[in-house]
Amino acid sequence: MASRALMVALLLAAVAVSCTKAQLKEKFYSETCPSVEDVVRKEMVKALSAAPSLAGPLLRMHFHDCFVRGCDGSVLLDSANKTAEKDAKPNQTLRGFDFVERVKAAVEKACPDTVSCADVLALMARDAVWLSKGPFWEVPLGRRDGSVSISNETNQLPPPTANFTVLTQLFAAKNLDTKDLVVLSAGHTIGTSHCFSFSDRLYNFTGRVNPSDIDPTLEPQYMARLKNKCASLNDNTTLVEMDPGSFRTFDLDYFKNVVKRRGLFHSDGALLTNSFTRAYVQRHAGGGYKEEFFADFAASMIKMGNADVLTGSQGEIRKKCSVVNH
């Protein structure tokens with residue numbers, strides 16, 4: 001009981017520090033748009049009831065937004081000449097943009113010109129996790145929307161091919177530490193991935209491009225199953241569950257897979273190459289500390305959601321998430 005109280009206290013402390021630094025606060029819209037969370041959740045419940053596989057992509061979209069220019073909704077912007085973040089290779093597999101616009105339209109109807117797209121996306125990501133049986137957390141709000149979106153800046157996104165050194169560097173650039181890295185990686189417990197994000201582990205690990213050029217760190221039976229699904233390096237369409245068997249449920253199975261060397265990406269396997277992250281994975285692979293992990297995930301999501309945000313008079317409140325107001 002004492003340890004649970006300590007976890008809650010630490011989480012609240014993390015929220016307080018995060019909010020103070022970025023001028024975000026949980027009740028930011030309490031007077032200007034008190035219904036915003038209800039409006040977003042109503043739309044999320046409808047959408048995930050019809051298409052539960054949308055939860056993973058919406059969580060990923062928030063992650064990709066925050067790692068480039070901070071959580072400013074820049075990943076949502078269109079570009080006539082295809083030079084926006086969403087046009088870059090790492091974001092070409094993102095989906096759910098039309099649904100974000102639908103939720104934003106519902107929010108606009110309730111509270112015109114009040115709630116940013118960046119805040120809408122942060123709330124949608126939280127609800128995507130919660131509606132997938134994951135943790136619930138109060139989302140600090142008050143972000144403003146940016147007006148710049150540049151495809152080349154997506155090199156700040158942690159790629160699935162990254163080793164531990166690269167991952168820690170990219171996370172540190174967003175004020176996220178090693179614990180945040182291992183905790184947020186567990187977002188891979190929901191959703192799917194295209195074969196091309198990991199197929200080099202199956203056919204081209206050292207650059208020889210043949211069926212025997214495999215990643216020796218992958219568990220052999222899992223390797224065989226992946227090869228059965230992803231027939232070649234040229235497979236650009238097949239989707240594979242990141243957490244086989246429970247990819248629609250936010251649970252601790254991700255850690256069970258990683259500890260068995262069945263993490264789908266290089267970046268998942270990289271968690272076993274560092275003593276701290278390996279110990280964290282092993283602790284939660286047992287499944288006995290669900291509340292602890294849920295509290296950790298909530299705290300890290302709040303911390304990530306604070307990355308380089310625009311507040312106050314900075315930026316704007318977009319009426320449509322895909323275009324700037326002017």
Side-chain angles (χ1 to χ4, degrees), residues 56 59-60 63 90 93 132 134 157-171 177-233 235 238-290 292-294 296-297 300:
L59 175 60
R60 182 175 176 232
F63 186 97
T93 54
S132 301
L157 289 167
T161 55
N163 60 29
F164 190 80
T165 300
V166 172
L167 289 171
T168 52
Q169 289 172 347
L170 291 171
F171 270 68
D177 59 25
T178 304
K179 183 175 182 181
D180 298 313
L181 166 60
V182 65
V183 169
L184 292 174
S185 293
H188 291 164
T189 187
I190 54 174
T192 58
S193 174
H194 288 80
C195 290
F196 62 75
S197 294
F198 58 85
S199 57
D200 64 311
R201 304 184 80 187
L202 314 180
Y203 302 105
N204 192 31
F205 187 62
T206 63
R208 299 200 307 271
V209 193
N210 66 58
S212 64
D213 192 14
I214 62 174
D215 183 348
T217 66
L218 265 181
E219 192 272 326
Q221 288 185 337
Y222 184 53
M223 169 82 71
R225 287 207 296 270
L226 291 177
K227 282 195 167 188
N228 190 49
K229 290 177 179 291
C230 305
S232 74
L233 275 172
D235 188 337
T238 302
L239 289 170
V240 175
E241 297 174 7
M242 292 191 290
D243 185 355
S246 66
F247 76 108
R248 293 178 177 175
T249 304
F250 195 97
D251 54 27
L252 277 70
D253 285 358
Y254 169 80
F255 295 114
K256 295 178 184 178
N257 290 328
V258 172
V259 84
K260 292 177 181 177
R261 297 189 294 123
R262 294 179 179 179
L264 189 59
F265 306 118
H266 289 270
S267 58
D268 296 323
L271 299 177
L272 297 177
T273 66
N274 171 267
S275 59
F276 176 84
T277 54
R278 182 172 61 250
Y280 191 94
V281 168
Q282 291 170 338
R283 175 177 177 82
H284 291 289
Y289 302 96
K290 178 179 174 180
E292 178 184 294
F293 165 62
F294 276 18
D296 286 346
F297 191 82
S300 289

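The closest side-chain heavy-atom distance from Leu272 to Arg261 is below 4.5 Å. Contact check for Asn204 versus Ser199: no side-chain heavy atoms found under the 4.5 Å cut-off. Using a 4.5 Å heavy-atom cutoff, the side chains of Leu264 and Leu226 are in contact. Counting heavy atoms from C-beta outward, Ser267 and Phe164 have side chains that stay 4.5 Å or more apart. Put simply, the side chain of Thr192 does not reach to within 4.5 Å of the side chain of Met242, judged on heavy atoms. Under the 4.5 Å side-chain criterion, counting only non-hydrogen atoms from C-beta, Ser193 is not in contact with Val240. For the pair Pro216/Phe205, a side-chain contact is recorded, criterion being any heavy-atom separation below 4.5 Å from C-beta on. Counting heavy atoms from C-beta on, the side chains of Phe293 and Val183 come closer than 4.5 Å.
Qualifying side-chain hydrogen bond (donor to acceptor under 3.5 Å, both in side chains) partners for Asn210, counting only residues two or more places apart in sequence or in other chains: Ser212. By the ring pair (Phe, Tyr, Trp, His ring centres under 6.0 Å) test, Tyr280 is found to be paired with Phe255, His284, residues two or more places apart in sequence or in another chain being considered. Listed by chain and number, the residues in a side chain to side chain contact (heavy atoms under 4.5 Å, CB included) with Arg262 are Glu219, Gln221, Tyr222, Arg225, Asn257, Lys260 (sequence neighbours excluded). In this structure Phe171 satisfies the ring pair (Phe, Tyr, Trp, His ring centres under 6.0 Å) test together with Phe67, sequence neighbours excluded. By the side chain to side chain contact (heavy atoms under 4.5 Å, CB included) test, Ile214 is found to be paired with Met223, Lys227, residues two or more places apart in sequence or in another chain being considered.
Looking only at atom types and distance, the side chain of Thr93 has a donor-acceptor partner in the side chain of Arg60 under 3.5 Å away.
Pairs engaging residues 242-252 under the salt bridge (Lys or Arg N to Asp or Glu O under 4.0 Å) rule: none recorded [sequence neighbours left out].
No side-chain donor-acceptor contact under 3.5 Å links Asn274 to the backbone of Leu271. Side chain of Thr273 to main chain of Ala270: a donor-acceptor pair is present (N/O by atom type, distance under 3.5 Å, no hydrogens or angles). Ser300 places no side-chain N or O within donor-acceptor distance of the main-chain N or O of Phe297, the cut-off being under 3.5 Å. Glu292 contributes no side-chain N or O that, together with a main-chain N or O of Asp296, makes up a donor-acceptor pair within less than 3.5 Å. Counting only distance, with no hydrogens or angles, the side chain of Asp177 and the backbone of Asp180 share a donor-acceptor pair below 3.5 Å. Of the possible polar contacts, none joining the Asp235 side chain to the Ser232 backbone as a donor-acceptor pair under 3.5 Å is found.
Rounding to the nearest 0.5 Å gives a distance of 10.5 Å between OG of Ser185 and CZ of Phe265. Rounding to the nearest 0.5 Å gives a distance of 10.5 Å between CG of Asp215 and OG1 of Thr206.
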Handout entry: Phe198 and Cys230: CA distance, side-chain angles, deciding distance, side-chain contact (heavy atoms from CB on, under 4.5 Å) verdict
Key = CA-CA 10 Å; Phe198 58 85; Cys230 305; 3.6 Å; yes

Problem - Stepwise side-chain hydrogen bond (donor to acceptor under 3.5 Å, both in side chains) test for His188 and Asp268 - result: CA-CA 9 Å; His188 291 164; Asp268 296 323; 2.9 Å; yes

